[in-house]
K.L.:
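Here it is: the structure, laid out below.
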Amino acid sequence: FDVSRQAVAIDSFGKPGAAILRGHTSYYGSFDECKQVDTDSLNFSMKFCRLEFGVVEYNYTTAKITPISLIFSEALCVPSTCTVDDMNNTINNINLLLLGQKSPILFYVPKDTNDFTCTPIDG
């Protein structure tokens with residue numbers, strides 16, 4: 001998976017914009033750009049997915065976790081082999097990095113909104 005393929009896939013992701021605190025938490029991305037990822041020499045194709053996730057605030061002194069009442073919906077361009085478990089593992093790995101940096105913000109996939117819906121793209 002070379003750099004130019006990765007760049008196109010990442011560029012097709014939905015990206016946060018203004019007014020998050022006013023509820024603008026859906027980032028649609030570009031299905032058409034995801035379709036442009038060249039997978040001819042690969043043994044998988046791509047799929048365009050929507051992942052819903054939440055945010056919590058973590059207090060390192062008290063170890064208290066406070067939910068922030070925002071649920072985000074992010075469009076992602078991922079290999080067709082990517083699963084819900086892969087996405088959960090990715091979020092867990094991001095959180096490990098954030099914890100190492102003492103970030104007060106962590107991510108989670110809510111159990112009641114665990115949504116990873118995808119549209120296959122024939123490669």
Side-chain angles (χ1 to χ4, degrees):
F1 208 59
D2 66 39
V3 173
S4 63
R5 288 182 182 132
Q6 291 172 359
V8 173
I10 291 170
D11 192 47
S12 73
F13 285 17
K15 295 166 189 70
I20 292 171
L21 297 177
R22 293 182 180 209
H24 295 249
T25 58
S26 293
Y27 313 120
Y28 300 104
S30 173
F31 177 80
D32 290 336
E33 191 168 25
C34 186
K35 286 191 328 188
Q36 293 175 2
V37 176
D38 178 15
T39 58
D40 290 342
S41 62
L42 304 173
N43 59 357
F44 60 84
S45 58
M46 300 301 287
K47 60 184 176 181
F48 195 68
C49 303
R50 181 175 55 87
L51 175 69
E52 288 190 352
F53 62 94
V55 179
V56 296
E57 183 177 0
Y58 182 71
N59 183 312
Y60 287 84
T61 304
T62 64
K64 181 180 177 185
I65 295 174
T66 306
I68 297 172
S69 61
L70 293 173
I71 299 294
F72 293 85
S73 179
E74 174 80 27
L76 305 169
C77 182
V78 297
S80 57
T81 55
C82 187
T83 65
V84 173
D85 288 338
D86 293 330
M87 294 310 302
N88 283 323
N89 288 336
T90 298
I91 288 175
N92 288 336
N93 288 332
I94 290 169
N95 283 334
L96 289 173
L97 291 171
L98 292 171
L99 284 168
Q101 298 297 316
K102 299 283 189 193
S103 170
I105 300 296
L106 301 174
F107 301 102
Y108 70 99
V109 176
K111 296 283 186 232
D112 60 338
T113 60
N114 189 356
D115 192 2
F116 186 61
T117 55
C118 299
T119 302
I121 298 173
D122 297 323

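The shown structure was predicted, so the numbers you read here are calculated from the model rather than taken from an experiment. Positions are given from 1 along the sequence.
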K.L.:
Does Thr25 reach the main-chain N or O of Ile71 with its side chain, forming a donor-acceptor pair under 3.5 Å?
P.N.:
yes

K.L.:
Quick one: list whatever passes ring-ring contact (aromatic ring centres under 6.0 Å, His included) with Tyr27, sequence neighbours left out.
P.N.:
none

K.L.:
Going through the checks in order, is the side chain to side chain contact (heavy atoms under 4.5 Å, CB included) test met by Lys64 and Thr66?
P.N.:
CA-CA 6 Å; Lys64 181 180 177 185; Thr66 306; 3.8 Å; yes

K.L.:
Are Tyr108 and Val56 close enough that some pair of their side-chain heavy atoms sits under 4.5 Å apart?
P.N.:
yes

K.L.:
For the pair Phe53 and Phe107, name the ring-plane relationship: parallel under 30°, tilted 30 to 60°, perpendicular over 60°.
P.N.:
perpendicular

K.L.:
Under the 3.5 angstrom rule, does the side chain of Lys102 hit a backbone N or O of Leu98 as a donor-acceptor pair?
P.N.:
no

K.L.:
At their closest point, which heavy atom of Lys47 faces which heavy atom of Cys82, and how far apart are they?
P.N.:
NZ-O, 2.6 Å

K.L.:
Closest heavy-atom contact between Asp86 and Thr81?
P.N.:
OD2-O, 3.6 Å

K.L.:
Distance from Ile68 atom CD1 to Ile65 atom CD1, nearest 0.5 Å?
P.N.:
11.5 Å

K.L.:
Please list, chain by chain and in numerical order, all residues satisfying ring-ring contact (aromatic ring centres under 6.0 Å, His included) with Phe13, sequence neighbours excluded.
P.N.:
none

K.L.:
Using the side-chain contact (heavy atoms from CB on, under 4.5 Å) rule, pick out the option among Leu99, Ile94, Val55 that qualifies with Leu106.
P.N.:
Leu99

K.L.:
Do Pro104 and Tyr58 make a side-chain contact, defined as non-hydrogen atoms from C-beta onward lying under 4.5 Å apart?
P.N.:
no

K.L.:
Charged N to carboxylate O below 4.0 Å: is that the case for Glu33 and Lys35?
P.N.:
no

K.L.:
Under a 4.5 Å cut-off applied to non-hydrogen side-chain atoms, are Leu76 and Met87 in contact?
P.N.:
yes

K.L.:
Closest heavy-atom contact between Ser12 and Cys34?
P.N.:
CB-N, 3.7 Å

K.L.:
So, taking the atom named NZ in Lys15 and the one named CD1 in Ile10, what distance separates them when rounded to the nearest 0.5 Å?
P.N.:
9.0 Å

K.L.:
With side chains defined as the heavy atoms from C-beta onward, is the minimum distance between Arg5 and Ser41 less than 4.5 Å?
P.N.:
yes

K.L.:
Between Asn93 and Thr90, does any side-chain donor sit less than 3.5 Å from a side-chain acceptor?
P.N.:
no

K.L.:
Where do Ser103 and Tyr60 come nearest, in terms of heavy atoms and distance?
P.N.:
O-OH, 2.8 Å

K.L.:
Let me confirm one number: the CG-CG distance from Leu70 to Leu21, rounded to the nearest 0.5 Å.
P.N.:
6.5 Å

K.L.:
Side-chain contact, heavy-atom cut-off 4.5 Å: Val37 with Cys77?
P.N.:
yes

K.L.:
Over all heavy atoms of both residues, which pair between Phe48 and Gly29 is shortest? Give the atoms and the distance, please.
P.N.:
CZ-C, 3.9 Å

K.L.:
For residues Thr39 and Met46, report the shortest heavy-atom separation together with the two atoms involved.
P.N.:
CG2-CG, 3.7 Å

